[in-house]
Amino acid sequence: MLREGQVRIPSGCAISGMIDKSGRRFCGEDIIKSIAVMHDRSNGLGGGFAAYGIYPQYKDYYALHVFFDSTAVRRDCEAFFERHFDIINLSKIPTRKMKEITDEPYIWRYFVTPLPSKLTDSQLDEREFVARCVFRVNTQYDGAYVFSSGKNMGVFKAVGFPEDVGRFYRLEEYEGWCFTAHGRYPTNTPGWWGGAHPFALLDYAVVHNGEISSYDANRRAIEMYGYKCTLQTDTEVITYIVDYLHRKKGLTLPEISSVIAAPFWQTIQRMPQAERETLEYLRVMFAPQLITGPFSILVGHEGGLMALNDRLKLRSMVVGEQGNMTYIASEEAAIRVIAPQLESVWAPKGGEPVIVEVEHGN
Amino acid sequence: MGINWIYPEHEVVRNRDRCINCRVCERQCANEVHEYLSEHDKMVCDDAKCVNCHRCVSLCPTRALKIIPSGNTYRPNSNWTNRTINELYRQADTGGVLLSSMGCPQRYPVYFEKILLNASQVTNPSIDPLREPMESKVSLGARPRDIQRDENGRMINNLPPQISLSMPVMFSAMSYGSISYNAHESLARAAQELGILYNTGEGGLHEDFYEYGANTIVQVASGRFGVHSAYLNSGAAIEIKMGQGAKPGIGGHLPGTKIVGDISRTRMIPEGSDAISPAPHHDIYSIEDLRQLVYSLKTVTGHKKPVIVKIAAVHNVTAIASGIARSGADIIAIDGFRGGSGATPTRIRDNVGIPIELALASVDQRLRDEGIRDNVSIIVGGSIRSSADVVKAVALGADCVYIGTSALMALGCHLCRSCHAGKCNWGIATQEPQLTRRLNPDIGHRRLVNLMNAWRHEIKEMMGGMGINSIESLKGNRSMLRGIGLNEKELEILGIRHAGE
Amino acid sequence: MKKIYVNEQWCLGCRLCEYYCAFAGTGERDMARALAGMKIHPRMRIEEKDGISFAVSCRHCKDALCVKSCITGALTVTDGMVAIDQDRCVGCCTCVLVCPFGAVASTAHGVMQKCELCVQSSAGTPACVRGCPNGAIVFEERGAAR
Amino acid sequence: MKYVIIGNSAAGIGAVQGIRQVDPHGDITIVTHEPHHTYSRPLISYLLQGKTTRDSMKYRPDDFYAAHNCALLHGEVTQVSAGQVTLADGSTLAYDKLLVGTGASPVVPPIEGLDSVPNRFTFTTLDDALALEAALDPSKRVLIIGAGLVGLKCAEGILKRVEQVTVADLAPQILPAILDAESAAQVQAHLESHGVAFALGQPAQPSNEYDIVVLAVGQRPNTALLQGIAQIEQGIVVNDKSETTAANIYAAGDCTQTIDIASGQSKVMALLPNAFLQGECAGINMAGGNASFGKAIPMNAVGFFGLHIVTAGNYTGEVYTAPGKKLFHSGNRLNGFMLIGDVDKAGIYTSLIREQTPLDSIDFALICETPGLMAFTREHRQKTLGGEPT
């Protein structure tokens, strides 16, 4: 069978996320519990987590999480890293042997910072430099796959049910201020570890439930801006779009949501002039970045968490709040299991973003 | 009479049981095929004059008429077909270049017919356009690389001039002169009602139609007929016509007999003089010259109108398009080799150029590969025959399509391909008052509006089926397409997979 | 009230209106069967000369002279429409004498006929209007209601 | 408001319709000495011919009086005075406005030998016709004195029901009031071909050769009621508002004389269309409206055995002649016409007379050839065919 990257694979899913806006760090136990509730929304072919604030001791270094199929490719790849980065620390990512999780690749973690000379020669900003290095590894080193590349954050994913994946990676031993989780129900993949979600680039990590119908329009557009959609998954292209709009074009998160889940023209026509003109501009300027078809996404990044539904709200997504905590999940039960008492619970409308900014420094 | 080399192609068949001798056919045929013999109280016809335009068939109140192939044939020969032989005889007779009209009728592959569309099942929902908003609005023009913000962080509208359309279809260039005043009025009024644009073609713009300026593309062709500052400023966009799918490499030719009255005035040439557009623009012998014309036109119009450059789809269309995308033009229009014409040399129509589907696919991909797809929008024409063709063209990467032949057919054209004779029985490609009045713009524009509304409904149905509710999510969305009966090379150029993959 | 109006500009002189009018009165389903071999007596008639043509039928005048002049009371105005009761008509031609449009004429059987807007037909639109290929004859409201 | 209308024929009916256009409520009383529902007098010949029936010849439907909320009183007015009329039975009817629509009566001149014919009739009213019909028999020979419209229509009406019909007239031609000699000869030949015999250009000679004589030598307006009250010449003189010279008294129809705009002269134009129009005009004015009947012209439409004759206006000025057609014009106006046989679209000629259309504003040569709107300007047609007709 063809795996991710060789064929487009749609999937149904479960997502869950939680964030403490005060920046307080908490352990990964709750996110495992939450995603476990939605066991039936996955089929054992993929699960994963993104965790923010977990590497405070290395917070100024890019944490590269990498799958290797063989030691040989690991050596080649490390040579590449050596040429481009100063590697501060490298290690296998700690895992727990479990009968539910099999066929694991070599899973390594590198804390790196770009070599100053290389960075200067490239005439790129640091993050772009890192992103390009990630693309090179993922497209040119067969059997190597960088699946996490942000600072002070990490993605942990595998083939299996998400709760098993969480135990496998010993997620309960990490502490962070935000976690997202994904349980996958792909419809035609043999299951490849790299194809599990979240999908991440730099500090952007996206979990997504849905199947976007605009995929190839989005893909072909974003590829023009230097991105390579190696996986052909929705989550990948959505991550790149968010990265492109946020990091490269400087749009704010509300503006990004007005691009990818743009209000309908008929809605825009009824708005006050200033707002209307802005939205009209965004729709024309970033027309290829409009995403249609069902999706509910959680976008984690260094500044916080954004949740967004497609503009018709074709996928379920519920938000709950309690104190400094915000919980977002495909089902309310997945929130109640860890926070039975909530100050408020609601289902955001289609295209209406829920944005939580974290107060750093706490 | 000498030798009668060519037997009539068609035969007019009259059902005597149904004919009531009302003589409508006789009155309506400008080619004088039908005649009433009063002494015999009977209608007769001369098949040799028939061009098969179906005017008589359509108006016969008792359906007493039909037109069939005459069936006369030379000794069957797969190499020397009847058509080839007749054309040879005709040239031996006249010594002239064979003239034709409308698009290429030959049996080349129609790729639109070898592409199938996708629809949603189970994993994502199709969308019902009757219940949910379904957006067909399109904006054509260049997109800048970056946004700009003012000191308060508000985004500044830095978009170059755009064309806003209610749907991704426009009426392509057909000049006043090649088609009638009433045909132009029909197109202009329909464009206005539909919120799309029509195109003046190269014959200038009749003063009566300046009021439709917001829905008008004014064309500048190699003959520069009717081009002046007011004209350039009257429309919503300017199109530089470099080429035409039906006759790549040659210019237009409107015979002096059609240069009468208002047409002469509008074109700014003397009555009765042939309007001959040079094959090239004589101020454009290379791409950098084009850039100068683009900027001249922008200067004249205060940089308020997008500039379209229209080219015929020829072999190196991708490279040409790439050059245009860097020329300052806002929009590229590509005309495929099946595109229509009011008059074109038969050999050129039938042998020069490439299909629009392939040209579109390769141009769209090439501009993306070069990272300059945002510099321009792409309009394609050259036999867009249905809403399905529109959807396929957009999914291949077009921003919009041009329709010419389809629009004329809504006005009555029956594809008899004798526009060049000037005796269009449907009042479209003629300037004879007795014939032009046959096209009442009240009816004509309504039929165009109907056609476009029908297509828009169908486009929305197809989009909804794919789970797409905005046309921009269809644009370039080639995963929604699958080829059928195409070889690897064709699939590669089209950038699509084969059905079943 | 909706009436028949003629847009001379768009008349092609094809005379389909005459045939559809003649056919409309026959009750036949097929024009070929209804009109084959017949001389037609349409209520709407084309005038044609030198490339100009137009259809003429009853204008349904507000102050209809024909109605006021009719010696039998066969012509009446009903809901703005001038109608003729052919059972009462004796064919005296007084209406022909006074109609300023030439819109009333003899039938083959002696009594008069004129356009009655096909009110008997279920189509709702007069046959000539439906039959006109170019919108030269229309059925619509025009001007202030009188 | 109380309205009294004397006469139940076209003028009286017209007046009722006219009044009701303005005044839906006023009291209307129609007084008639005829014991019939309103009927059309010109139809009496058609009745005898079998082309109409007693029922079909009713001028208005059975519910006319009820629908127009008016009373029909059978009686004879004997005297008109200010504010009231007196009936033969001595009763009186008060009126605020009075219409005199008394019509005309046949002239019965002294004719030698008349007494030798056992059955003598006039031919104006339904009663006349019914009386004549009672005397008809396939064996009877009939002499009709007067070759005018009444006499000839009578001849046509009874021809098939009697053995022989002879029409006599002092004049040397038939229809002298409306046709010239040439046209008259053409019509006469047509009548003769159907079996009508003529004795023209000599005094009628009634004798015992005939079983029936019908007197149709002419009519005289019934003006007696207004004698001494209003101005009377040949008929009661009325203006274009149908007013007589007496206050609150109007007159219309065959009993009046009015201006013929074709000739400019005041004359009796005894024809049904004019009677109705004049009556309607009177009615409107009686009820306080403002109507003018200023376009009266003499005109006739008549047919004999399928041959139609229509004429209008007067026959002065230059003549355009074509087979079956004569047009008379002078001073840039059409004065009159006569059409025999093909009368199609004759109304277009009539309107040229009525509207006093300047002939240089139309294509006169064309219209002479064929009456049609083609002869008018496109703008005119735009108004007539594309606009709201009046």
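Lettering follows sequence order; numbering is per chain, from 1. From a predicted model like this one, the values you see are computed outputs, not experimental measurements.
Only the side chain of D/E280 comes within contact range of chain C, judged by heavy atoms closer than 4.5 Å. Contact of C/E47 with chain D is made through backbone and side chain together, with heavy-atom distances under 4.5 Å. Looking at D/F304, there are no atoms closer than 4.5 Å to chain C (heavy atoms on both sides), in backbone or side chain. When heavy atoms are compared at a cutoff of 4.5 Å, D/L373 approaches chain C by way of both its backbone and its side chain. With a 4.5 Å cut-off on non-hydrogen atoms, D/L366 touches chain C through its side chain but not through its backbone. Looking at D/N274, there are no atoms closer than 4.5 Å to chain C (heavy atoms on both sides), in backbone or side chain. Proximity to chain D is limited to the backbone of C/V104, based on heavy atoms less than 4.5 angstrom apart. In this structure, the portion of D/V302 lying under 4.5 Å from any heavy atom of chain C is its backbone and not its side chain. For chain C, the nearby part of D/R354 is the side chain; its heavy atoms alone come within less than 4.5 Å.
Interatomic distance, NZ of D/K295 versus CG of C/L65, reported as 8.5 Å (0.5 Å rounding). Here C/K49 contributes atom NZ and D/M374 contributes atom CE; the two are 7.5 Å apart, rounded to the nearest 0.5 Å. Taking CD of D/E379 as the reference point, atom CD of C/E8 lies at 9.0 Å (rounded to 0.5 Å).
For the pair D/L385 and C/R59, the tightest heavy-atom approach, listed with the atom from each and the gap, is O-NH2, 2.8 Å.
In terms of non-hydrogen atom pairs under 4.5 Å with chain C, the most contact-rich of D/R378, D/K51, D/M57, D/Q382 is D/R378. Highest contact tally toward chain C, considering only D/T350, D/T370, D/I348, is held by D/I348 [criterion: heavy-atom pairs under 4.5 Å]. The residue among D/L339, D/L352, D/T52, D/L277 with the most heavy atom pairs within less than 4.5 Å of chain C is D/L277.
Heavy-atom proximity under 4.5 angstrom to chain D picks out nothing from residues 31-39 of chain C. For residues 69-78 of chain C, heavy-atom neighbours of chain D at less than 4.5 Å comprise C/S69, C/C70, C/I71, C/T72, C/G73, sorted by residue number. Proximity to chain D among residues 85-100 of chain C is limited to C/D87, C/R88, C/V90, C/G91, C/C92, C/C93, C/T94, C/V96, C/L97, C/V98, C/C99, C/P100, judged by heavy-atom separations below 4.5 angstrom. Contact annotation for residues 58-66 of chain D against chain C (heavy-atom separation below 4.5 Å, listed by residue number): D/K58, D/Y59, D/R60.
Around the CD atom of C/E140, the shell of radius 6.0 Å holds more than 12 heavy atoms that belong to other residues, nucleotides or ligands.
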